[in-house]
Amino acid sequence: MKAKLISSSTFNRFWEWLRQLSAAKRWGLLLVVYSAGVLSLERIAQIFETSWRVSPWDPASALHITLLLSLGNRYLPIVFLARWLSGLILNIESPWLSLSAAIYVSLGHGSASYLLKRWLKIDPRLYCWRDVAWFTLIAGLIIPLVAGTLYVMTLFATDQVIQAELSERVLHEWAGESTGIMMLAPILLSILRILPWGQSHIDLSQPPPPVEIDRPSLRQGMELILSISALAFVSWLAYGIERTNLLNYDYLSFLPLILIASRRGLISGALAVLFINVVSVILVGGKVQEEEDASLALQFGLMTTSLTGVLLGAITTDRRQTEEQLHYQATHDSLTRLYNRNWFLSRLSQVIGRSRDGNAPLFAVLFLDLDRFKIVNDSLGHRVGDWLLTEVARQLQRTLRPYSQIARIGGDEFIILLEDLDSDKMASSIAEQICQELAKFYEVGEYKVFTTISLGLTLSSHGYATPEEILRDADIALYQAKARGKNQYAVFDRAMYDAVIRRSQLEQDLRQAIEKLDL
């Protein structure tokens, strides 16, 4: 079992503590925590400002869009206050200019959140390529350009920027905010996949949802260490070595980034983007301050790196999810979500292959169908019949052991593979338990439907060579159980097969005799 970084009990205690706070206190707590985060990120960005007071990136913007996308635009006042307070505390701008910047940031990210969630209807957790592409276009490119242009025009109106510097300053503001969003927001939004919210507000009146974060395995940890080492080394080659032209080799960072994003997907690609951004700015921050012309080149280099890593990772993740979905559809029943016939036959072939070893454990196959299922379909309709099949499938999953394999092979027929049995009696005991547990009333919409099953059982001790032979004998045992009455099970033996052969031969002989009499 995997160790947990965050257990359900820890989260439950935190949830209960939040519930005890009043609404005003919760808003105040969020404002304090959020403002502290914004202030910290703004201070980090301020450390690497150039003589124009332009940072290579603005990671605080990632917090703004993440908050609004995850919890909604009703938190716009918190975004506004946090941005305004950080500007005043850090003395980034004059009070009036800080107020203007807070307005632009709030309106810009609020518009992005509205367009993405309400109009384009993306999932904030960025599960697919479509969501990432729209997020990149709206939140990562268009809104930063509009907000940056408005901010620079405000600077121009207050005589803090001359006309000749307008276009270049807009590019600085655009690249800085865009890079800040793309280097951090995809990671924060991906975390929503394991947290209990993402598309709606937190409802503290409800019981706490389960939240558990697994620690990475040893293999995952080693891969992480190797990836970080490769990124650190290549970033040092690209930015850390003294060169005649400082930024000639920044493209080297694309090599490990492309490899990680194309192999590991969106989250790993976004983490690689964050690492490259941080390391590169640390290595060249002071040099950029000395060479102001290099500032814009660094910003657009990091912006391009961020867009490449996130989009390539999204393409990889989307392709992987498509492949997994196709594989799922090929191996599972669309109605009950159990395995289908093709998967079961393949699995059974593997088990038969292992059983040829004399020391292989015993296994059994159970073939069952619902008694009087046709009456349910004819009287209540196929929709109710489908619901009943789904409920029976769930009951089977609750009843059987975790290492049992269940498949629906068509109609109301289910087949079960029991592996690693201790004895024949164990298989019979499980068959009897299934008959008892499934004989019940099922609530299907406004109907209560009672059903039972008939079940045929065959054991690997008969020495089967193919899956078709096992299914044949399990089917024979099923019809023997039906002949005994409803809610019964029967264990296959050789006499059943001989009786079927004799009956088949007798039918053929009678047909031939009738044909001769007609002549």
Side-chain angles (χ1 to χ4, degrees), residues 331-333 335-341 343-345 347-348 351-352 355 361-377 384-444 448-462 464 467 469-493 496-497:
T331 57
H332 287 73
D333 172 53
L335 176 63
T336 62
R337 299 186 183 278
L338 298 175
Y339 291 114
N340 60 20
R341 181 186 182 93
W343 182 91
F344 191 88
L345 291 176
R347 175 63 180 168
L348 196 52
V351 175
I352 292 173
S355 69
L362 184 71
F363 70 89
V365 170
L366 288 67
F367 202 140
L368 66 92
D369 68 7
L370 276 60
D371 299 326
R372 297 180 296 273
F373 179 71
K374 188 176 186 301
I375 296 176
V376 174
N377 261 347
V384 175
D386 288 345
W387 283 343
L388 177 60
L389 291 174
T390 302
E391 291 300 315
V392 169
R394 291 172 180 167
Q395 184 63 34
L396 276 173
Q397 291 174 313
R398 289 191 291 263
T399 302
L400 288 168
R401 304 173 302 170
Y403 45 91
S404 303
Q405 310 291 351
I406 313 170
R408 176 180 176 235
I409 62 174
D412 63 330
E413 295 179 333
F414 298 86
I415 194 159
I416 303 164
L417 172 63
L418 301 176
E419 300 185 57
D420 301 325
L421 298 174
D422 297 331
S423 63
D424 296 359
K425 291 183 179 179
M426 186 177 180
S428 298
S429 175
I430 294 173
E432 184 175 359
Q433 180 187 4
I434 293 173
C435 289
Q436 293 175 354
E437 293 291 337
L438 268 66
K440 57 182 289 189
F441 280 98
Y442 294 89
E443 293 189 7
V444 184
K448 276 192 174 182
V449 181
F450 181 81
T451 190
T452 58
I453 66 163
S454 296
L455 187 150
L457 165 66
T458 187
L459 297 157
S460 60
S461 55
H462 292 294
Y464 292 106
E469 292 177 355
I470 297 180
L471 295 186
R472 178 200 64 198
D473 291 352
D475 193 27
I476 291 173
L478 169 63
Y479 280 94
Q480 184 65 31
K482 284 184 174 294
R484 297 176 183 175
K486 307 301 181 183
N487 198 29
Q488 297 285 331
Y489 78 93
V491 181
F492 175 82
D493 59 34
M496 293 181 185
Y497 177 74

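All values below come from the heavy atoms of this structure, side chains included, with hydrogens, waters and symmetry mates left out.
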Handout entry: Leu459 side, atom CG; Ile470 side, atom CD1 - distance, nearest 0.5 Å
Key = 10.0 Å

Problem - Contact check, side chains of Leu338 and Gln397, non-hydrogen atoms, under 4.5 Å - result: yes

Practice task
For atom CZ of Arg337, decide whether the heavy atoms of other residues, nucleotides or ligands shown that lie under 6.0 angstrom number more than 12.
Solution key: no

Exercise for the section: Please test Arg398 against Gln395 for side-chain hydrogen bond (donor to acceptor under 3.5 Å, both in side chains), starting from the C-alpha separation and ending with a verdict. Expected result: CA-CA 5 Å; Arg398 289 191 291 263; Gln395 184 63 34; 2.8 Å; yes

Problem - Worked verdict on Phe363 versus Ile352 for side-chain contact (heavy atoms from CB on, under 4.5 Å) - result: CA-CA 9 Å; Phe363 70 89; Ile352 292 173; 4.1 Å; yes

Practice task
To the nearest 0.5 angstrom, please state how far the NZ atom of Lys482 sits from the CG atom of Leu455.
Solution key: 10.5 Å

Practice task
Please tell me if the side chains of Ser454 and Asp369 come closer than 4.5 Å, counting only heavy atoms from C-beta onward.
Solution key: yes

Exercise for the section: Flag the pair Phe367 / Ile409 as yes when at least one side-chain heavy-atom distance between them is below 4.5 Å, and no otherwise. Expected result: yes

Completion exercise
Rounded to the nearest 0.5 angstrom, the CD-CD distance for Gln488 and Glu432 is 10.0 Å

Practice task
With sequence neighbours excluded, give me every ring pair (Phe, Tyr, Trp, His ring centres under 6.0 Å) pair touching residues 417-442.
Solution key: Phe441-Phe450

Exercise for the section: Determine, step by step, whether Glu419 and Arg347 satisfy the side-chain contact (heavy atoms from CB on, under 4.5 Å) criterion, reporting the C-alpha distance in whole Å, the side-chain angles of both residues, the deciding distance to 0.1 Å, and the verdict. Expected result: CA-CA 11 Å; Glu419 300 185 57; Arg347 175 63 180 168; 2.8 Å; yes

Handout entry: Ser423 side chain near Leu362 side chain, heavy-atom distance below 4.5 Å
Key = no

Handout entry: Parallel, tilted or perpendicular: rings of Phe492 and His462 (30°, 60°)
Key = perpendicular

Practice task
Give, for atom CG of Asp420 and atom CE of Met426, the distance between the pair rounded to the nearest 0.5 Å.
Solution key: 9.0 Å

Exercise for the section: Answer whether the closest heavy-atom distance between the side chains of Ile453 and Phe414 falls below 4.5 Å. Expected result: no

Completion exercise
Residues passing the side-chain hydrogen bond (donor to acceptor under 3.5 Å, both in side chains) test with Thr452, sequence neighbours excluded, are Asp371

Fill in the blank from the handout: Note: Ser428 and Val491 closest approach over all heavy atoms is OG-CG2, 3.9 Å

Practice task
Indicate yes or no: does Glu469 engage Arg472 in a salt bridge with an N to O separation below 4.0 Å.
Solution key: no

Exercise for the section: Compare every heavy atom of Leu389 with every heavy atom of Gly411, then report the nearest pair and how far apart it is. Expected result: O-CD1, 3.6 Å

Handout entry: Ile434 side chain near Tyr489 side chain, heavy-atom distance below 4.5 Å
Key = no

Handout entry: Identified side-chain contact (heavy atoms from CB on, under 4.5 Å) partner of Arg408 from the options Asn340, Ile415, Leu335
Key = Leu335

Practice task
Would you confirm whether Asp412, through its side chain, and Leu370, through its main-chain N or O, come within 3.5 Å as a donor-acceptor pair?
Solution key: yes

Problem - Crowding at NZ, Lys374 (>12 non-hydrogen neighbours, <6.0 Å) - result: no

Practice task
Can you measure from CG (Leu417) to CG (Leu348) and round to the nearest 0.5 angstrom?
Solution key: 6.0 Å

Fill in the blank from the handout: In this structure, OG1 of Thr451 is separated from CG of Leu438 (nearest 0.5 Å) by 8.5 Å

Handout entry: Stepwise side-chain contact (heavy atoms from CB on, under 4.5 Å) test for Leu471 and Leu345
Key = CA-CA 9 Å; Leu471 295 186; Leu345 291 176; 3.4 Å; yes

Exercise for the section: Test Ile406 against Leu400 for side-chain contact (heavy atoms from CB on, under 4.5 Å), laying out the working first. Expected result: CA-CA 9 Å; Ile406 313 170; Leu400 288 168; 3.5 Å; yes

